[in-house]
K.L.:
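One structure coming up, written as structure tokens, with questions to follow.
Just so it is clear: chains get the letters A, B, ... in the order the sequence lines come, proteins before strands, and each one is counted from 1.
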Amino acid sequence: MTKAQKTSVTNHTGPAPAGEPRIRVRGLGKHFGSLEVFRNINFDVGEREVVAIVGPSGCGKTTLLRCIDGLLPHDAGEIRVGEQLVIEPIAGVAMVFQHFGLFPWKTVFDNIAYGLRMAGASQADIERKVPGFVKMVGLDGFEKAYPYQMSGGMQQRCGLARALAVEPNVLLMDEPFAAVDAQTREILQFELLRIWQERPTAMIFVTHSIEEAVLLGHRVIVLKGKPSSIHQIVDIDLAEPRTRDALRQPRFAELREQVWSTLLREAREAEFHLERS
Amino acid sequence: MSVIENVNAGVAKRKEKKAAPFWESAAAYRYGFVALILIVWEITGPFINPIFFSYPSKIAVAFVKLSASGELPYYLGQSLEVMFYGMVFAIIVGIPMAVAMARVRKLDWALDLPINALYATPMVALVPLLVLWFGIYLKAKIIVVFLFAVFPVLINTYQGVRECDKSLLEVARSYRSSERWIWRDVLLPFALPYIAAGIRLAIGRGLVGMVIAEFYTTISGLGFMITRYANVFEMDKTFVPVFVLMILGISLTTGLKWLEARIAPWSHANR
């Protein structure tokens, strides 16, 4: 494997994903008022590909993801999911949120059914489909529990099941495991890998954990700079399907170091910047 | 399910462990102090001229008499009718109007000032006008109660909807919810504790409105009983409707709290 080279962004499309890309991001730019968050973002995500996005805090990873979900308008460029231009949230794309985004007044069952309901599924459909997803994320027996009765890890399982239940082509993960403790996080990472093996989709996984990005991603996009842009795209050539073994492989450590070294300087600057401001 | 029951059982156990002896419990203080007031009143009451004052045991006797003769139930029924319709209209007008204001900025801009102005106006001052416009019968009374009660409902609901968790609204948008469903799934459940607080305030104000309406229009209901017995200095009988009003206020608000805990267990757990 060649060391991923620092390339100019425009000619970097990464390895051609099998078939047509599911998501195409071209020349994407975004401002918040006078602050430019990112510029000229270009990348594709294949039909069955996981792309992880890492970058220092405040680099606009989450903003980028929310643009792709159509929650935020972008100022430049375009986003396509399949043939569809994204200007508002579209069907077939589901997002998992950092703070779970569960409705406190809905039970686990109703939270998971939420996306289906909004998509206009009938009650019979919901009763038929939801139990499978409850089981898939390991929440059987908790259908009638409310979010406040559950741990963070269980809440995010519920959030994940809600996204999976609409049977999306695209899963957008916004630091989904950032708010749970370290052990739970590791368990959930492998659960996600298992579920993805069962139902592969295009996935964009935003995280600040380099290990997580390398473990889950087929490619890792490193965002850097102010305004940020794609600094590097690292191909992750770990064996599939990924299991706990991946963590022990020397190749895993190598890739982690590679991503880390590109981020290191930026991370230091970001920290210093935060202290100063 | 069994897991949840276990969780609940665990919570119950923890509470049991902490339970203090009865004389140090909240209930002991809550009811003990009321009992103390009643005892002191009972002892000192008979020494005051009965033309101006009465005391608990005498009031209790009057209460039984007025109940048995059917007089109290009859006038209470009249009052409750006014209160009920006034409150129902306050709720079904106040809540949707508040959500609409909180969601549509132009509506908010337009209505903000008139609503605050009306809320700040002592409603009593409007009662003579209302009598002029709506007459002196049931309709006028209901409108008075409505005007007393609608603003707390409206203002609290508005506040609740405005403070709605932005991340939940984002979830709703991400899942392509329509505005109608956002009201149902997100805004109203989120605002429910605020709405309940608003209705509790509205009950208090509504009762005031009810009695004032009964004084100013065709005299009826508990308000009628108060004026009638006060005019002939039958203090024990005057106190009966006053106590009934007090009990009415307390039971309506605690009933509402109970209802809220039943239909919104999550909001209870968060406090």
Side-chain angles (χ1 to χ4, degrees), chain A residues 62 65-72 86 88-121 139-151 154 158-159 162-163 165-166 168 170-172 174 179, chain B residues 1-15 95 99 157 160-161 163-197 256-257 259-271:
Chain A
T62 293
L65 200 68
R66 288 165 73 205
C67 286
I68 295 170
D69 194 35
L71 287 172
L72 285 176
V86 176
E88 57 177 8
I90 62 173
V93 177
M95 183 136 157
V96 176
F97 296 84
Q98 182 178 353
H99 295 293
F100 319 140
L102 299 179
F103 298 107
W105 40 87
K106 288 180 185 286
T107 60
V108 165
F109 187 96
D110 287 331
N111 266 297
I112 294 175
Y114 178 72
L116 283 171
R117 274 214 174 97
M118 290 304 107
L139 283 178
D140 2 4
F142 289 92
E143 290 87 345
K144 289 187 179 154
Y146 285 95
Y148 72 85
Q149 294 172 307
M150 305 194 301
S151 67
M154 287 165 77
C158 183
R162 174 175 65 187
V166 297
V170 174
L171 265 177
L172 303 177
D174 179 18
Chain B
M1 273 184 301
S2 62
V3 184
I4 304 159
E5 277 155 22
N6 286 343
V7 171
N8 288 341
V11 172
K13 248 181 220 163
R14 231 177 298 147
K15 270 185 192 158
I95 292 175
V99 183
T157 307
V161 173
E163 280 174 22
C164 183
D165 194 341
K166 297 292 172 290
S167 62
L168 289 180
L169 286 170
E170 193 166 63
V171 171
R173 226 153 64 69
S174 179
Y175 283 94
R176 300 154 54 77
S177 174
S178 63
E179 178 73 12
R180 192 171 72 93
W181 283 93
I182 287 181
W183 283 40
R184 232 209 66 165
D185 281 328
V186 190
L187 298 174
L188 287 175
F190 185 91
L192 193 66
Y194 295 78
I195 295 172
L256 194 70
K257 264 188 202 163
L259 194 69
E260 192 195 346
R262 285 299 296 273
I263 61 174
W266 70 87
S267 76
H268 225 66
N270 290 341
R271 279 178 209 161

K.L.:
Between the side chains of A/Lys106 and B/Asp185, is the shortest nitrogen-to-carboxylate-oxygen separation below 4.0 Å, so that they form an ion pair?
P.N.:
yes
K.L.:
Closest approach of B/Arg173 and A/Gly70, non-hydrogen atoms and distance?
P.N.:
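For B/Arg173 versus A/Gly70, the nearest heavy atoms are NH1-O, 4.3 Å.
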K.L.:
Roughly how far, to the nearest 0.5 Å, is the CD atom of B/Glu170 from the CG atom of A/Asp69?
P.N.:
8.0 Å
K.L.:
Nearest heavy-atom pair of A/Leu102 and B/Leu168: which atoms, and what distance?
P.N.:
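Looking at all heavy atoms of both residues, the closest pair is O-CD2, 3.4 Å.
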K.L.:
Nearest heavy-atom pair of B/Tyr175 and A/Met118: which atoms, and what distance?
P.N.:
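B/Tyr175 and A/Met118 have their closest heavy atoms at O-CB, 3.2 Å.
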K.L.:
Please state whether the side chain, the backbone, both or neither of A/Leu172 comes within less than 4.5 Å of a heavy atom of chain B.
P.N.:
neither
K.L.:
Is it the backbone or the side chain of B/Ser177 that comes under 4.5 Å from a heavy atom of chain A, or both, or neither?
P.N.:
both
K.L.:
Would you mind reporting whether A/His99 and B/Ser167 have side-chain heavy atoms less than 4.5 Å apart?
P.N.:
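No, their side chains stay 4.5 Å or more apart.
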K.L.:
I need the residue from A/Ala163, A/Ala119, A/Pro147, A/Pro89 with the largest number of non-hydrogen atom pairs under 4.5 Å to chain B.
P.N.:
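Looking at each of A/Ala163, A/Ala119, A/Pro147, A/Pro89 in turn, A/Pro89 comes out on top.
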K.L.:
Measuring heavy-atom distances to chain B, does A/Phe100 have an atom under 4.5 Å in its side chain, in its backbone, in both, or in neither?
P.N.:
neither
K.L.:
Heavy-atom distances under 4.5 Å only: say whether A/Arg66 touches chain B with side chain, backbone, both or neither.
P.N.:
side chain
K.L.:
With a 4.5 Å limit on heavy-atom distance, are the side chains of B/Phe190 and A/Trp105 in contact?
P.N.:
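Side chain of B/Phe190 against side chain of A/Trp105, heavy atoms only: contact under 4.5 Å found.
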K.L.:
Write down the atom of B/Arg176, the atom of A/Ile90, and the distance for their closest heavy-atom approach.
P.N.:
NH1-CA, 3.4 Å
